[in-house]
Amino acid sequence: MSDNNITNQPKKRALSCIQPSGTPTLGNYLGALKNWVAMQEEFDCVYAIADLHAITVRQEPAKLRRQIHEAFALLLAIGLDPEKSVLFIQAQVPEHAQLSWLLSCHTQFGELSRMTQFKDKSARHADNVNAGLFTYPVLMASDILLYQPDYVPVGADQKQHLEIARDIAVRFNGIYGDVFKVPEPYIPKTGARVMSLQDPTKKMSKSDENINGFISMLDDRDTIIRKFKRAVTDSEACVRVAPEKPGVSNLIGIYSAVTGKTEAEIEREFEGKGYGDFKLAVGETVADTLDPIRASFERYIADKAYLEELYHKGADSAERLARKTYFKAMKKVGYVL
Ligand code: TRP
């Protein structure tokens, strides 16, 4: 295997996870997943489907099972390579839930109460404020700390959870000696913040009631182009980035993320052209990007045996890493193993 690591230092490790809750959007792809693929060259990467986290809200078993398969197939389809990275399904590695118990006994009720996501979600699902929703950041801390990563790429909404994982690691190490590496957040050099096509002041979201607001990573070509045609713009008819033009600025950001062109180059490319031409160009390039991913996804999802082989191998590799940390933590606490 070629290695452009001239100093011969082992590669730094990066870890991230994604929940299997519905097909990710173009925003998830350009903001996070595309970067996971790029990171494979520079880092020793560990990526998981966070399916244990999914049941903090009630799930239908058959649907959850399908979504776990689909999420795994999608990670392969975007170009995550099981030869380069460890790709696995969280629930298949029991150490996540096991370490979570140790960590939960080293996490304060008060600090979990301050998590903004808990406050939001418990307000939105007032009928199901379960203990798992409350301890979710502890499970996330074990996802991270088990693998001793140097970096964790997370979006703004998960920053606070990474912070608490770091606090737990520092506290645990302070009591028992060095057990966990304290990871840094990883901020990608390029990472687009993609907004809704219908309300460009809001982040693009798969739970948007208006399906024209988001592009699903598995939308077909015609759907993608149609959604871009309907994207909200403004009445100036000039393709340029400006705070008072959030719709057009968002489309320029998307076009820039998929083509690699700069904003200035894009403004020049569409000088004197109307929004019709511009939106069509954005729609077509996004479709060109997602078409091969969708085709690859269809091949993986149709081959259950192959998928199964890959996720079982991934879980074996993950567990080998996770066990080391878990045993060390258990012994330090005083358990007899
Ligand atoms: N909570 C994260 C989310 O909803 C997913 C996640 C679970 C995660 N475990 C993680 C992300 C560990 C980074 C590292 O997006």
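Counting starts at 1 for both ligands and their atoms, in listed order. Because only heavy atoms are used, hydrogens play no part in the values below, and waters and symmetry mates are left out as well, while side chains stay in.
Contacts of His53 with ligand 1, taken as heavy-atom pairs under 4.0 Å, involve the side chain alone. In Val154, the part holding a heavy atom less than 4.0 Å from any atom of ligand 1 is the side chain.
Regarding atom 8 (C) of ligand 1, its nearest protein heavy-atom neighbour is Cys17 CB, 3.5 Å. For atom 9 (N) of ligand 1, the closest non-hydrogen atom of the protein is Asp143 OD2, 2.6 Å. The nearest protein atom to atom 4 (O) of ligand 1, hydrogens excluded, is given as Tyr136 OH, 3.0 Å; this is a heavy-atom distance.
A centroid separation of 6.0 Å or more is found between the aromatic rings of His69 and Tyr300. Remark: aromatic rings of Phe109 and Phe134 are close, center separation under 6.0 Å.
Within the listing of ligand 1, atoms 7 (C) sit less than 4.0 angstrom from a heavy atom of Ala50. Against a heavy-atom cut-off of under 4.0 Å, Ile144 is close to the following atoms of ligand 1: 12 (C), 14 (C).
Note: Gln198 CD to Ile211 CD1 = 10.0 Å, rounded to the nearest 0.5 Å.
Donor-acceptor pairing under 3.5 Å is lacking for the side chains of Ser196 and Asp199. In the model, Thr325 has a side-chain atom that pairs as donor or acceptor with a side-chain atom of Gln148 under 3.5 Å.
Remark: Lys273 fails to qualify as a cation-pi partner of Phe278 under the 6.0 Å distance and 45° angle criteria applied to the six-membered ring.
Taking the six-membered ring for Trp and thresholds of 30 and 60 degrees, His53 and Tyr136 have ring planes more than 60 degrees apart, a perpendicular arrangement.
Considering backbone and side-chain N/O atoms, Gln158 comes within less than 3.5 Å of an N/O atom of ligand 1. For ligand 1, none of its N or O atoms has an N or O atom of Ser16 under 3.5 Å away. Among the atoms of Asp157, none of the N or O lies under 3.5 angstrom from an N or O of ligand 1.
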